[in-house]
Participant: 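Right, I'll just put the structure down here and ask away after.
Proteins get letters first, then strands, A, B, ... in listed order; numbering begins at 1 in each.
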Protein chains: 2
Amino acid sequence: MSGIEDVASLAGVSKATVSRALSGRGYVSVETRAKVSDAAHRLGYVVSSSASSLVTGRTNNVGVIIPRINQWFFGSILEGVERALLDRGYDLMLYNVSKTVEERSKVFEYFLVRKRVDAVIAVTLEITPAETERLVGLGKPIAGIGGPLEGIPTVSIDDVAAARLATEHLLLLGHRDIVHVGGDVDEQMDFHVHSKRLKGFLEALTAAGIPHDENSYLATRFDIPGGYRVGKQLLGDPRRRPTAIFAAADEVAIGVILAARELGISVPDDLSVIGIDNHPLSDMFGLTTVEQRPDLQGEHAVDWVIRQLEQPGWSPDAGHAFAPTRLVMRSSTAPPRPRTG
Amino acid sequence: MSGIEDVASLAGVSKATVSRALSGRGYVSVETRAKVSDAAHRLGYVVSSSASSLVTGRTNNVGVIIPRINQWFFGSILEGVERALLDRGYDLMLYNVSKTVEERSKVFEYFLVRKRVDAVIAVTLEITPAETERLVGLGKPIAGIGGPLEGIPTVSIDDVAAARLATEHLLLLGHRDIVHVGGDVDEQMDFHVHSKRLKGFLEALTAAGIPHDENSYLATRFDIPGGYRVGKQLLGDPRRRPTAIFAAADEVAIGVILAARELGISVPDDLSVIGIDNHPLSDMFGLTTVEQRPDLQGEHAVDWVIRQLEQPGWSPDAGHAFAPTRLVMRSSTAPPRPRTG
DNA sequence: CTGAAAGCGCTAACAG
DNA sequence: CTGTTAGCGCTTTCAG
C-alpha cells in the first residue's frame with residue numbers, strides 16, 4: 001500500500017504538491033496535476049483517512065442515529081440519507097439506538113464523541129435536554145428528522161396539515177361518522193406524531209361542525225397487525241361501525257382493510273379508509289393516502305449538515321422545515337352509502 | 001477538547017502511561033490507572049480515533065455492503081450486524097450498494113480502500129471475480145451473508161434443505177399437486193437463492209416419486225404484490241389450481257394468500273400455503289413457514305470478522321456456515337381436501 | 001506555482 | 001511498572 005511519498009517520487013514532485021494536486025486545495029499547474037494523478041493511479045494510491053483527518057480535523061463521516069431500521073418509514077429515511085451522503089462523498093456511520101437508556105448513553109457518551117463524525121443526523125429521537133446539550137456541545141452540525149428536537153433544526157412533514165388533509169377528503173366525500181386510528185403513545189414514533197395527527201383530525205372535524213367524542217379516536221401499534229386488531233374490534237359491531245376511518249399510517253390502514261374484508265365489509269362501499277405514507281403496499285390495496293417521502297426528508301437533513309460543514313457559519317434559516325406531502329387518491333374511499341330505511 | 005497531554009499532566013504521569021492505562025494494553029499499576037482514568041474523566045477526555053488509527057492501523061470500523069435496506073430480510077441482517085458490532089465496540093459504516101455498476105465501483109474502488117474499515121461484511125452481493133479479488137486484496141477480514149461468494153467465507157441458511165423441508169411438510173400432509181413460486185432471477189436476491197430453493201423443492205418431489213413439469217414452478221418478485229400477482233394468475237383457473245403452494249419467501253406466500261382470499265379460495269381448506277422466513281406478518285396470516293433468522297446470520301458474520309481481527313491468523317474452518325432454520329407450523333397448511341366425485 | 005519543515009495526537013519499542 | 005523517543009501519513013504554513 002503506497003503512500004504519498006511514493007507518489008511524490010514517481011511524479012518527481014514533493015509530497016506537498018501531491019497533496020495539493022489530489023485534494024484540489026491550493027494552486028497546482030495543470031501539467032503537474034496530470035503527472036501526479038497519473039502516478040497516483042498507477043500506484044493505486046489512496047489517501048489515508050486517518051492521517052488526513054488527524055491534521056484537518058475532518059473525518060468525512062456523518063453519524064446517523066436511528067431507533068429502528070426494519071420498518072418502512074425508517075428504512076426509507078436511511079436509504080435517502082445514505083444515497084445523499086455517498087453522493088456527496090461522505091461516509092455514513094450507523095447507530096441503531098433503541099429507547100433503552102444504556103444503549104443511548106453508550107452512543108452519546110462514547111461513540112459519537114470519539115471524533116469520528118463531522119456531523120450527526122438524529123431520526124425521530126426523543127432525547128433528553130441533557131442529551132441535546134451533549135450533542136450541541138460537540139459543536140458539530142446536527143439535524144433531526146421527524147419529531148421536533150428542541151434546539152436542533154429538524155425536518156418533517158406537517159403532521160397536523162397532513163391529518164387535516166386526509167380528514168377533509170373524507171368530509172368532502174360526505175362522511176360524517178369518521179374514526180381516527182392513531183399510534184400508541186409509547187410505541188414506535190415519538191408521540192408528537194400521534195398527537196399532531198390527532199390534532200389535525202379534530203381540527204378538520206371541528207371546522208366542519210362535526211361533533212366528536214372519545215369514541216372518535218383509537219390508538220394501536222403502527223403496523224399492519226395493529227390496524228388489523230383495531231379493525232376487528234371497531235368493525236365487529238355493525239351498530240358502532242363508522243362510515244370512514246382515517247388511519248395515521250398506511251400500515252394501520254391496510255390492517256383495517258384486511259379486518260374489514262374478513263368481516264365481509266366492503267371497502268369502499270361500506271367503509272372508506274385513508275392513511276398517511278404511501279407505503280409500497282398501499283397501491284396493491286387501493287389505499288388512498290397522504291404521501292410523505294421519508295427518503296427526501298433524509299436528503300434534506302443531509303443537505304443541511306453538509307452545508308454547515310462546507311460553508312462554516314451557515315445555518316438553517318428556520319429551526320424547522322416541512323417536507324411536502326400530497327394526497328394520492330385510490331379506490332379505498334368513496335361517498336358514504338346512502339342510508340337505507 | 002483536551003488531549004492526552006492534558007490528562008498526563010493532570011494525572012502527573014507521562015503520555016505513554018495514559019495511553020496504556022486507558023487502552024488496557026501494557027502494564028500499569030492499579031493506582032496509576034485509577035489516577036489516570038479519574039483525570040481523563042474530569043477532562044472529558046476521549047482518544048482521537050484518527051490519531052490512534054494512524055499509528056495502530058486499526059480503525060475499529062467495519063464496512064457493511066448491502067444492496068437494499070427497506071426489506072425485511074435485509075433490514076433484519078442490518079439490525080443484527082449493527083447490534084453485534086456495537087456490542088463489541090466497533091462502528092458500522094454503511095454502504096447501500098445497488099446493482100448498478102457505477103455505484104458499486106465507487107464503493108469498491110474508492111470508499112472501502114481509504115483505510116477506513118478494518119473488515120468488510122458483504123450482504124448477498126453477487127460480485128465479479130475482479131471485485132472479489134479487490135476485496136481480498138485489501139488483506140482485510142471479509143465475510144459474506146446470503147449467496148456464497150467464491151473465495152470468501154459466507155453464512156446463509158441451507159436453501160436446498162429449507163426448501164426440501166417445506167416441500168416435505170406438504171408432501172407429508174398428502175399433497176401431490178404442489179406449485180413452487182420462486183424469485184425472479186434478476187430481482188432482489190442473488191439468483192443462487194432462487195435456484196437452490198427450486199432445487200430443494202424438486203428433490204423432495206423426486207424423492208417422493210411425484211412427477212413435475214415446467215408448470216410446477218413460477219417466478220415472481222420477492223414481495224407481497226409479486227405473490228399476489230402470481231396467485232391471481234395461478235389460482236384463477238380452477239382446473240389448473242394446485243392443492244398446495246410452496247412460496248420461496250413469506251412475502252410471496254402472503255401475496256398468494258391474499259389472492260386466494262379474493263378468489264374465494266379458502267386457506268387451508270382449498271389450498272395449503274407454506275413460505276420461508278417467518279416474516280413478522282406471517283403470524284397474522286397464520287402462515288406455516290421455515291424460519292430463518294437474518295439477524296443471527298448477521299451476528300455470525302460479525303463474529304467471524306472480529307475474531308480474525310482480534311486473533312490474527314485465525315480463519316473460519318469452513319468456507320461456509322449454515323445458519324439454523326426450523327419449521328414453524330401455523331394454520332395455512334392442512335391435508336388436501338378429499339376429491340369429491 | 002512548488003518545496004521544506006513543522007506538526008496533528010497518539011502508540012510502540014526500548015530503556016530504565 | 002513507567003518515561004523517553006521516534007514516528008504513523010498526511011496537510012499546511014512559509015519561503016522561495
Participant: Between the side chain of B:N60 and the main-chain N/O of B:Y90, is any donor-acceptor distance below 3.5 Å?
Facilitator: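 Between the backbone of B:Y90 and the side chain of B:N60 there is no qualifying donor-acceptor contact (under 3.5 Å).
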Participant: Quick check: on DNA chain D, is the nucleotide nearest A:Y45 upstream (toward 5') of the one nearest B:V28, or the reverse? Name the residue that is more 5'.
Facilitator: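 Upstream on the strand: B:V28.
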Participant: With a 6.0 Å cut-off (strictly less than), is the heavy-atom count around CD of B:Q311, excluding the residue itself, greater than 12?
Facilitator: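 Yes.
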Participant: So, does A:S37 use its side chain to make a donor-acceptor pair with the main chain of A:R33 at under 3.5 Å?
Facilitator: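 Here the side-chain-to-backbone pair exists.
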Participant: Within the sub-3.5 Å range, which N or O atoms of nucleotides 12-16 of chain D have a protein N or O partner, and how far apart are they?
Facilitator:
| from | atom 1 | to | atom 2 | distance (Å) |
| --- | --- | --- | --- | --- |
| D:dT12 | OP2 | A:R25 | NE | 3.1 |

Participant: Rounded to whole Å, please give me the gap between CG in A:L22 and P in D:dT11.
Facilitator: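 Rounded to whole Å, this separation is 8 Å.
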Participant: So, does B:S156 use its side chain to make a donor-acceptor pair with the main chain of B:I145 at under 3.5 Å?
Facilitator: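 No, the answer is negative, given that no donor and acceptor are paired below the 3.5 Å cut-off.
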Participant: Can you list, in residue-number order, the parts of residues 29-37 of chain A that come under 4.0 Å of DNA chain D, counting heavy atoms only?
Facilitator: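 Those residues whose heavy atoms fall under 4.0 Å from DNA chain D, taken from residues 29-37 of chain A, amount to none.
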Participant: Would you tabulate the side-chain donor-acceptor contacts of residues 19-30 of chain A under 3.5 Å, counting partners in other chains and residues two or more places apart, or write 'none'?
Facilitator:
| from | atom 1 | to | atom 2 | distance (Å) |
| --- | --- | --- | --- | --- |
| A:S23 | OG | A:S19 | O | 2.9 |
| A:S23 | OG | A:R25 | N | 3.2 |
| A:S29 | OG | A:T32 | N | 3.2 |
| A:S29 | OG | A:T32 | OG1 | 2.6 |

Participant: For B:A143, check side chain to side chain contact (heavy atoms under 4.5 Å, CB included) against everything at least two apart and list the hits.
Facilitator: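 Checked B:A143 against side chain to side chain contact (heavy atoms under 4.5 Å, CB included); matches are B:A301, B:W304, B:V305.
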Participant: Please confirm whether the backbone N or O of A:I77 pairs with a side-chain atom of A:D295, one donor and one acceptor, at under 3.5 Å?
Facilitator: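 Side chain of A:D295 to backbone of A:I77: no pair is present.
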Participant: Establish, from distance only, whether the side-chain atoms of B:T17 and B:S14 form a donor-acceptor pair under 3.5 Å.
Facilitator: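 On atom types as modelled, these side chains qualify, holding a pair under 3.5 Å.
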Participant: What's the shortest heavy-atom distance between A:I69 and B:E79, and which atoms?
Facilitator: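 Looking at all heavy atoms of both residues, the shortest contact is N-OE2, 3.2 Å.
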Participant: According to side chain to side chain contact (heavy atoms under 4.5 Å, CB included), who are the partners of B:Q308, at least two apart in sequence or on a separate chain?
Facilitator: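 With neighbours one apart ignored, the set is B:P141, B:W314, B:P316.
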Participant: Check every strand shown and say whether A:V18 touches a base, only sugar-phosphate, or nothing at a heavy-atom separation below 4.0 Å.
Facilitator: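 No contact.
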Participant: Give the rounded distance in Å between these two atoms: CD of A:E5 and C1' of D:dC8.
Facilitator: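 From A:E5 CD to D:dC8 C1': 13 Å.
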Participant: Quick one: how far along DNA chain C does chain B reach, first to last nucleotide 5' to 3', anything under 4.0 Å to a heavy atom?
Facilitator: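 For DNA chain C, the relevant span reads C:dG9 to C:dA13.
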